[in-house]
Amino acid sequence: MPSSASPLVLTFEAARHLVEEHARDLRPAGRELLSLLDAADRVLAEPIHADRDIPPFPRATRDGYAVRAADVQNVPAQLEVVGEIKAGSALDAVPPLQPAQAIAIMTGAAVPVAADAVLMIEYTSRSEDRIVVARSVAVGENVVPAGAEGRRGDLLLSPGTRLDYAAIALAASVGRSHVVVHAKAEVAVLSTGDEIVDVDVPPGPNQIRNSNSYSLAAQVHAAGGEPVILPIAPDEPERLRELLAEAFDCDLVLISGGVSMGKYDLVEQELATLNAEFFFTGAQIQPGKPIVFGRVPCGAGALARESGPLKHKYFLGLPGNPVSTMVTFELFAKPLVQALAGMLPQPLAFVHARLKKSVQTKTGLKRFLPAHLSGEFEDAEVEQVSWQGSGDIAAVVRSNCFMVIPPDRERTEAGEWVTVLLR
Ligand code: AMP
Ligand code: MG
């Protein structure tokens, strides 16, 4: 176990794997029953099964005629129309289908038992109760068989699924007006720095407004956690220690600033007084190199009031430069917040796009550069947005992704395929 005095700087991949490994041990704290609408974006805490076959009857997917495919093998063919079924109609309203007969049918209606296909209306012409059929149809065409999308009792949604609009629709389709979701984990957000003042305080000429607590809170929210913003900690050991102890009342602690090599970067030192175990104290990335990941034991010393079932609580010390804070949250904090929210592990969403303008980088660190993904339809192009470095919040606002440049690349040419991390 490295102490704060022996830096352990990992590659991006090793650092991410380590976080993912620890995230696997994290569990959400509780559950609650919510109405389906309130459950949007929450994480399911129960399995949801099909209450009947889906579809419950063979479903017509086109407007047209329910027929026996054999009757229209040779076209043109003539059929007699003996009835009509619209969506929602009962099948006993139509006579049983005999050879050379057809039943008019609408999309979403149940296909009669003796029919084995639906002819699209476009391929027929009708006069009175007869149709002339211009095209043959294969058995099963334009019909979804009963149970084809799911059988009664099938598992449709697993615990750990984030309830996006499709999952909400699936829950609604099986009659779930209420669902059990995981309680949200509390994530402490502690910004540090003597120069930092809160947004509603007029800053002095050398002061900087606290933006990290706000970006982090928004990121915690988006990842499925409940942010708890603590007062700004000065670069002073006692008050910092006090606020850290308070922060560890939460399920996870995110600290911004104070993790670089400066004389007043006290975060690691103060975490060490809480018997912190450090898994890494840096990653070979830019922005975000001085990222710190570790955990403190619960139920002892300053954390005595925090009991509960957890043996450890995790923390991330995120570098204070705003872009570094944002990037390191996405790369390292998100899996921990998601795990505490009860979500199944989510991979980072990398895609590839053609580089629009060549990029020059120094070697040694993997870059996550604010970039803009654009292009017409499938021709995705990406371009670095101009930026003044890790403090340039507006550059991230102008971007819609991060361009990933491997640590060994000095120059990446226009037209090359590059990796893009979506955000
Ligand atoms: P640090 O990681 O503490 O060395 O901070 C690096 C730089 O990030 C500082 O000089 C500040 O300009 C900026 N910074 C640190 N904390 C915050 C914050 N909470 N909000 C906005 N900027 C910050
Ligand atoms: Mg600082």
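We count ligands from 1, going down the list as the structure has it; atoms in each ligand are counted the same way.
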For residues 138-148, which side-chain donor-acceptor pairs fall under 3.5 Å, sequence neighbours excluded?
residue, atom, partner, partner atom, Å
Glu141, OE1, Ala138, N, 2.8
Asn142, ND2, Val118, O, 2.8

At less than 3.5 Å, what protein N or O atoms come close to the N or O atoms of ligand 1? Include the distances to 0.1 Å.
residue, atom, partner, partner atom, Å
ligand 1, 2 (O), Gly320, N, 2.8
ligand 1, 3 (O), Gly258, N, 2.8
ligand 1, 8 (O), Gly320, O, 3.1
ligand 1, 8 (O), Asn321, N, 3.2
ligand 1, 10 (O), Glu195, OE2, 3.4
ligand 1, 14 (N), Gly320, O, 3.2
ligand 1, 19 (N), Ser191, OG, 3.2
ligand 1, 19 (N), Asn210, OD1, 3.0
ligand 1, 20 (N), Ser211, N, 3.0
ligand 1, 20 (N), Asn212, N, 3.2

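With no hydrogens or angles considered, a side-chain donor-acceptor pair links Ser256 and Asn212 at under 3.5 Å.
For an aromatic pair to be called close, the ring centres must be under 6.0 Å apart, and Phe278 with Phe315 satisfies this.
Residue pairs meeting the side-chain hydrogen bond (donor to acceptor under 3.5 Å, both in side chains) criterion with at least one member in residues 327-348, sequence neighbours excluded: Gln219-Glu330, Glu330-Lys334. The ring-ring contact (aromatic ring centres under 6.0 Å, His included) analysis of residues 357-404, with sequence neighbours excluded, yields the pairs Phe12-Phe368.
Using a 30° and 60° split on the angle between ring planes, Phe293 and Phe279 fall in the tilted class, from 30° to 60°.
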